[in-house]
Amino acid sequence: MSQTLKAVRGTRDLLPPETALWNRIETTARQVFARYNFGEIRTPIFEDTSLFARSVGEETDIVSKEMYTWEDRARAQSEKPQSLTLRPENTAGVVRAYIEHKLGETGQLQKLFYIGPQFRRERPQKGRYRQFWQIGAEAIGPPSAGSESPLRDAEILEMLATFLDELGIAGWTLELNSVGSAADRARYNEILRAALVPLAPQMCVDCQRRAVTNPLRVLDCKVPEDQPIIETLPKIGDSLGQESIDHFAAVTAALEAAGVPYHLNPRLVRGLDYYTRTTFEFTHGGLGAQNALLGGGRYDGLSEAIGGPKAPGIGFAMGLDRLVLALQAAEAVRKDAAPQIADAYIAPLGEALNAAALTLARELRRADLHIELGDGAFRLKKSLEIANKLARRIVIVGEDEVQSGNLTVKNFLTGVQTKVSRAELTACLKKPAREVPA
RNA sequence: GCGGCAGUAGUUCAGUGGCAGAACGCCUGACUGUGGCUCAGGAUGUCGUGGGUUCGAUCCCCACCCGCCGCCCCA
């Protein structure tokens with residue numbers, strides 16, 4: 001095994017039949033998003049490193065230790081070397097494209113979705129890979145286009161609830177919070193830091209460190225002994241300015257009116273620096289430690305942070321790998337797990353009839369039938385054994401059939417065998433195998 | 001990045017310091033143009049990789065690789 005090449009750590013091959021499930025999820029996303037009038041965007045898989053440093057945040061774990069970054073060397077006098085990075089998420093790329101193509105000049109709210117691989121150098125685990133797939137969407141635009149409206153937040157959350165329901169993922173929970181404006185957050189950070197000064201020495205070593213470096217992270221601590229202390233800490237909700245409070249109240253009111261259940265989680269703080277005001281996660285049991293199916297939030301200052309115009313927005317990213325796991329855990333997908341069954345298996349009897357069999361297969365496939373083509377070198381017995389596994393019917397192409405123009409068709413479900421003229425063959429194969437004798 | 005558990009046939013897994021195993025799947029035949037059920041037979045493989053201990057290692061020891069669980073973080 002040492003000499004054979006393997007997929008590198010944290011990456012994997014997706015094979016049938018599982019890929020059918022991936023396709024179903026992507027198709028459902030495209031259908032649901034289309035109803036909300038989102039259009040697809042595809043951005044490059046690598047970007048200038050500084051894009052992520054300035055958006056996601058220099059001090060976040062993602063940027064400080066998880067990115068695949070390399071120095072792209074100059075290949076000509078006219079080129080300059082440049083630090084490039086495989087994208088660890090897609091929001092930064094979308095906003096960069098929004099700025100670069102001056103989409104704000106349209107005056108319209110831009111509603112964009114993407115599907116693609118992302119890269120983070122984390123320790124692999126179930127539901128956590130170094131190349132992983134995200135489906136995400138962003139609603140971004142100038143304030144005059146309504147990009148700051150709480151209705152946009154509620155609409156996106158409602159869309160996500162609809163998507164998960166239509167996909168058949170039962171038992172999701174929407175965790176919702178507001179982290180306030182950038183100013184609210186800075187104020188809260190100082191309040192928290194001050195409150196932690198007398199408390200931190202009683203907490204776990206990680207919290208003692210966080211209390212100094214990043215007080216917000218203390219709220220994420222999972223050590224049981226620390227929980228009572230965390231309960232006593234000031235809540236971010238108490239540090240929000242009136243504008244943020246009103247905005248969040250409008251989001252929750254719209255969700256309640258629409259009947260989208262949510263769970264307020266004042267301790268939900270997300271690990272990307274660009275989030276402001278509304279933040280959320282949809283979680284699912286049965287995913288182990290990686291229980292977040294998707295996450296997102298508002299990023300009202302992101303465009304300006306990377307040199308663009310004022311362009312508030314809100315978006316999310318779903319972990320496609322985790323949606324697959326959640327669906328499999330729900331066992332809602334036995335159908336997709338079954339191998340594909342063709343409408344018919346064509347069995348030429350003898351290699352001399354291979355060409356005739358291909359001709360017939362071409363005709364039937366152009367009539368939109370799913371056809372498995374056998375091989376004249378197989379004995380009929382072997383053809384039947386294979387056909388029984390792969391197809392609903394077998395069409396035998398032997399000397400007799402070619403001369404008479406009547407093909408032998410056998411229905412594996414009923415076991416009935418008949419002769420069918422070439423003219424009637426397509427119609428015959430399109431009939432459900434269960435309902436007719438042959 | 002830290003702590004822990006595992007790696008044996010295509011798959012799921014037994015097993016032992018002395019010839020490498022089961023089930024399912026696969027192949028051949030009984031049956032020259034008739035499958036499923038049955039019966040008879042067959043092949044599964046560098047026992048993750050490299051080193052060490054030993055007369056002898058798939059087994060014991062070390063390192064590495066990879067996966068999984070927890071932490072961290074996140075989707």
Side-chain angles (χ1 to χ4, degrees), chain A residues 1-12 15 56 59-66 87-91 115-136 160 204-207 209-210 214 217 220-223 268-272 275 279-284 287-297 315-326 345 347-350 353 374 376 378-401 407-417:
Chain A
M1 289 298 256
S2 68
Q3 279 138 345
T4 60
L5 289 167
K6 302 195 300 183
V8 305
R9 184 169 163 86
T11 71
R12 59 196 180 132
L15 306 171
V56 175
E59 300 307 318
T60 60
D61 280 8
I62 292 175
V63 172
S64 64
K65 51 192 187 199
E66 294 174 1
R87 62 188 186 195
E89 57 97 57
N90 219 150
T91 299
I115 300 177
Q118 319 292 337
F119 306 85
R120 291 181 201 172
R121 200 182 171 289
E122 297 184 271
R123 181 148 174 179
Q125 226 172 89
K126 186 183 223 172
R128 189 170 74 183
Y129 307 96
R130 291 183 168 187
Q131 174 177 338
F132 59 102
W133 290 72
Q134 286 190 332
I135 303 178
L160 286 166
C204 71
V205 286
D206 283 332
C207 282
R209 173 177 48 78
R210 294 175 185 130
N214 195 347
R217 286 272 154 246
D220 246 359
C221 177
K222 286 164 185 112
V223 175
L268 177 69
V269 286
R270 303 190 46 77
L272 288 76
Y275 283 120
T279 57
F280 55 88
E281 255 176 38
F282 282 71
T283 59
H284 190 267
L287 284 181
Q290 276 66 49
N291 69 340
L293 276 177
L294 68 91
F316 63 86
M318 315 193 266
L320 194 38
D321 309 76
R322 293 183 187 175
L323 289 172
V324 170
L325 285 172
Y345 179 98
L349 293 183
L353 292 163
F378 297 163
R379 291 169 53 193
L380 178 57
K381 172 183 157 57
K382 179 167 173 170
S383 293
L384 280 156
E385 285 172 357
I386 299 170
N388 188 41
K389 289 179 191 126
L390 299 181
R392 280 181 259 279
R393 292 183 176 88
I394 186 169
V395 177
I396 297 170
V397 180
E399 291 291 349
D400 299 349
E401 283 80 2
L407 296 146
T408 302
V409 177
K410 184 163 192 175
N411 180 333
F412 287 121
L413 215 72
T414 61
V416 175
Q417 180 172 318

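Below, read A as the first sequence line, B as the second, and so on, with proteins coming before strands; counting in each chain starts at 1. Here the structure is a predicted model, which means the values were calculated and not measured.
Between the side chain of A:Lys410 and the base of B:G35, a donor-acceptor pair under 3.5 Å is found. Interface remark: the A:Arg128 side chain does not form any donor-acceptor pair with the B:C68 base, using a distance-only criterion of under 3.5 Å. With hydrogens and angles left out, the side chain of A:Arg123 and the base of B:G3 share a donor-acceptor pair within 3.5 Å.
Using modelled atom types, no side-chain atom of A:Arg130 and backbone atom of A:Phe119 make a donor-acceptor pair closer than 3.5 Å. Not a single donor-acceptor pair under 3.5 Å links the side chain of A:Arg12 to the backbone N or O of A:Gln131. A distance-only check finds a donor-acceptor pair linking the side chain of A:Arg120 to the backbone of A:Pro88 [under 3.5 Å].
Between B:C5 and B:G18, the two C1' atoms lie 30 Å apart (nearest whole Å). To the nearest whole angstrom, the two P atoms, one in B:C26 and one in B:G10, are 15 Å apart. With both ends at atom C1', the span from B:U54 to B:G45 equals 25 Å, rounded to whole Å. Atom name C1', nucleotides B:G15 and B:C55: the rounded distance is 24 Å, in whole Å. Atom name P, nucleotides B:C37 and B:C27: the rounded distance is 13 Å, in whole Å. Using P as the reference atom, B:C65 and B:G50 are 15 Å apart when rounded to the nearest Å. Rounded to whole Å, the C1' atom of B:C19 lies 28 Å from the corresponding atom of B:A6. Taking atom C1' in both B:A57 and B:G51, the straight-line distance is 13 Å, to the nearest Å.
Within 4.0 Å of A:Gly350, counting heavy atoms only, lies no atom of the nucleic acid at all. At a threshold of 4.0 angstrom between heavy atoms, the contacts of A:Arg12 with the nucleic acid are absent. At a threshold of 4.0 angstrom between heavy atoms, the contacts of A:Gly296 with the nucleic acid are absent. Among the heavy atoms of the strands lying under 4.0 Å from A:Glu122 is at least one base atom, whether or not backbone atoms are also near. Using a 4.0 Å heavy-atom criterion, one finds that A:Ile135 contacts no nucleic acid atom at all.
Of the side-chain N and O atoms in A:Lys65, none sit less than 4.0 angstrom from OP1 or OP2 of B:C2. Proximity of A:Gln125 to the phosphate of B:G70: a side-chain N or O atom is located under 4.0 Å from OP1 or OP2. A:Arg9 has no side-chain polar atom (N or O) that falls below the 4.0 Å cut-off from OP1 or OP2 of B:C65.
Note that OH of A:Tyr129 is 16.0 Å distant from CD of A:Gln118, once rounded to the nearest 0.5 Å. Note that CZ of A:Arg322 and CZ of A:Arg128 are 8.0 Å apart. Values are rounded to the nearest 0.5 Å. Summarising the geometry, atom CG belonging to A:Leu293 is positioned 12.0 Å from atom CZ belonging to A:Phe316; distances are rounded to the nearest 0.5 Å. Between the CD atom in A:Glu281 and the CG atom in A:Asn291 there is a gap of 7.0 Å [rounded to 0.5 Å]. Distance check: A:Met318 CE to A:Leu160 CG gives 6.5 Å after rounding to the nearest 0.5 Å.
Side-chain atoms of A:Lys6 lie closest to B:C65 of the nucleotides B:A75, B:C65, B:C68. Nearest nucleotide to the A:Lys382 side chain, out of B:C68, B:U28, B:C74: B:U28. Distances were taken from every side-chain heavy atom of A:Pro124 (C-beta onward) to each of B:C68, B:C73, B:G35; the shortest belongs to B:C68. Across B:C26, B:G70, B:C74, the shortest atom-to-atom separation from the side chain of A:Ala292 is found for B:C74.
Atom CG of A:Leu320 is separated from atom C1' of B:A75 by 10 Å (rounded to the nearest Å). To the nearest angstrom, P of B:A75 lies 10 Å from CZ of A:Phe280. Atom CZ in A:Arg393 sits about 17 Å away from atom C1' in B:U34, given to the nearest Å. For the pair A:Leu323 CG and B:C74 P, the interatomic distance rounds to 19 Å; values are reported in whole Å. In this structure, A:Phe132 places its CZ atom 16 Å from P of B:C73, rounding to the nearest Å. Across the protein-nucleic acid pair, A:Ile386 atom CD1 and B:G25 atom P stand 16 Å apart, rounded to whole Å. In this structure, CD of A:Gln131 is placed 14 Å from C1' of B:A75, rounded to the nearest angstrom. Rounded to whole Å, the distance from CG on A:Leu390 to C1' on B:G25 is 14 Å.
Nearest heavy-atom pair across A:Tyr345 and A:Ser383 is CE2-O, 3.9 Å. The nearest pair of heavy atoms linking A:Gly415 to A:Lys410 is O-CE, 3.5 Å.
For the pair A:Glu385 and A:Lys381, the salt-bridge criterion is met [side-chain N within less than 4.0 Å of a carboxylate O].
Closest-nucleotide positions on RNA chain B for A:Ala7 and A:Leu293 were compared, and the one nearer the 5' end corresponds to A:Ala7. A residue-by-residue look at A:Tyr129 and A:Phe412 shows that A:Phe412 has its nearest nucleotide of RNA chain B further toward the 5' end.
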Under 3.5 Å, N/O pairs linking protein and nucleotides 29-33 of chain B:
unit_1, atom_1, unit_2, atom_2, d
B:G29, OP1, A:Arg379, NH1, 2.8
B:G29, OP2, A:Arg379, NH1, 3.2
B:G33, O6, A:Asp400, N, 3.3
B:G33, O6, A:Asp400, OD2, 3.0
B:G33, N1, A:Glu401, OE1, 3.1
B:G33, N1, A:Glu401, OE2, 3.1
B:G33, N2, A:Glu401, OE2, 2.7

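A stem is defined here as three or more consecutive Watson-Crick or G-U pairs, each with both distances under 3.5 Å; for RNA chain B these stems are B:1-5 with B:67-71, B:10-13 with B:21-24, B:26-30 with B:38-42, B:48-52 with B:60-64.
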Report the C-alpha separation of A:Leu349 and A:Glu399 in whole Å, then their side-chain angles, then the decisive distance to 0.1 Å, and conclude whether the side chain to side chain contact (heavy atoms under 4.5 Å, CB included) test is met. CA-CA 8 Å; A:Leu349 293 183; A:Glu399 291 291 349; over 6 Å; no
